[in-house]
Trainee: 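There's a structure below that I have some questions on.
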Amino acid sequence: MIKRTTAALFSAFVLTTLGFSDGGQAAEFLSGIEWAEPAVVDPGKPCGAPSDAVVLFDGTDMSQWNGAEKWTVADGCVTAGPGAIQSTPVFGDCQVHIEWATAEEITGDGQGRSNSGVFLMGKYEVQVLDSYENKTYFDGQNGAIYKQHPPLVNACRKPGEWQSYDIIWKAPRFDEDGQLTSPAFISVLHNGVLIQNHFELQGDTPYDRPPSYTAHPDKGPIGLQYHGNPVRFRNIWVRETPELESKRVHEPKVVKK
Ligand code: MG
């Protein structure tokens with residue numbers, strides 16, 4: 001008797017899982033939301049940019065950047081020189097890919113070793129630093145959201161080796177009075193390793209005062225910092241995050257087939 005009951009329950013579970021109920025009739029849940037078709041994107045060759053990316057540096061010139069007169073392009077990469085630079089194209093919510101290498105020859109220590117930074121919207125820094133066997137304050141080491149949150153792990157390669165960041169950025173929102181309505185969020189993969197997981201920013205990332213939000217336009221440039229060190233960069237591209245259109249065409253329901 002007990003066995004038969006268990007078998008019946010199992011049978012009902014299997015039928016339900018397979019979408020059958022009520023005497024073997026198939027059922028399907030319909031959300032009632034009609035989605036626009038996701039766009040087709042060619043992901044490109046390995047190490048290449050996807051077809052919908054804005055390429056900010058492909059190894060040949062710095063025409064997409066402002067302030068880069070003293071940055072040097074050679075051998076497919078650009079070396080930081082005096083002056084921070086900002087991209088001419090501006091972005092809101094986006095995905096950023098950037099490759100960089102710290103100096104092969106070690107000079108300085110702490111914050112003085114191959115310091116640079118990737119700035120979202122020109123204001124929010126993901127630290128670039130040679131943190132390979134080089135201790136500094138943790139919320140200022142490589143991969144930190146500067147002065148706010150250390151990387152979850154230290155995935156640094158050795159000095160001189162090429163490394164990558166893949167950054168997922170959700171921009172902050174402000175209302176028409178300049179009040180913050182939604183903070184910024186960031187996720188970062190460093191050499192493919194998750195080091196920031198949907199971290200909520202407390203504001204911008206200065207050295208000399210607490211973070212704070214000040215209203216700014218919906219889109220801003222990508223910035224790269226010059227901190228006195230010849231950090232190299234290559235293969236920089238950005239994808240604006242698409243918004244999928246949708247509309248409700250009916251209430252959620254289960255239909256029998
Ligand atoms: Mg920096």
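Both ligands and their constituent atoms are indexed starting at 1 by order of listing. Numbers for residues simply follow the sequence, beginning at 1. Note: hydrogens, waters and symmetry copies are ignored here, and every other heavy atom, side chains too, is used.
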Trainee: Side chains of residues 47-62: which donor-acceptor pairs under 3.5 Å do they make with residues two or more places apart or in other chains?
Mentor:
| residue | atom | partner | partner atom | Å |
| --- | --- | --- | --- | --- |
| S51 | OG | D42 | N | 2.9 |
| D52 | OD1 | R239 | NE | 2.7 |
| D52 | OD2 | R239 | NE | 3.1 |
| D52 | OD2 | R239 | NH2 | 2.9 |
| D58 | OD1 | T60 | N | 3.0 |
| D58 | OD1 | T60 | OG1 | 2.5 |
| D61 | OD1 | S63 | N | 2.8 |
| D61 | OD1 | S63 | OG | 2.4 |

Trainee: Does the side chain of E161 come within less than 4.5 Å of Y132's, by heavy atoms?
Mentor: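 They are not in side-chain contact.
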Trainee: Please identify each residue that fulfils salt bridge (charged side-chain N to carboxylate O under 4.0 Å, His left out) with E69, with sequence neighbours left out.
Mentor: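 E69: no salt bridge (charged side-chain N to carboxylate O under 4.0 Å, His left out) contacts found.
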Trainee: Which protein N, O or S atoms lie under 2.8 Å from the Mg ion (ligand 1)?
Mentor: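 Short answer, with waters excluded from the count: N115 OD1, S116 O, E125 OE2, Q127 OE1, Q225 OE1.
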Trainee: So, does N191 use its side chain to make a donor-acceptor pair with the main chain of Y165 at under 3.5 Å?
Mentor: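 Judged by distance alone, no pair lies under 3.5 Å.
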Trainee: For R209, give me all partners under salt bridge (charged side-chain N to carboxylate O under 4.0 Å, His left out), at least two apart in sequence or on another chain.
Mentor: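 Listed in chain order: D204.
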Trainee: Are the side chains of E200 and P183 in touch, meaning some heavy atoms are under 4.5 Å apart?
Mentor: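 Yes, at least one pair of side-chain atoms sits under 4.5 Å.
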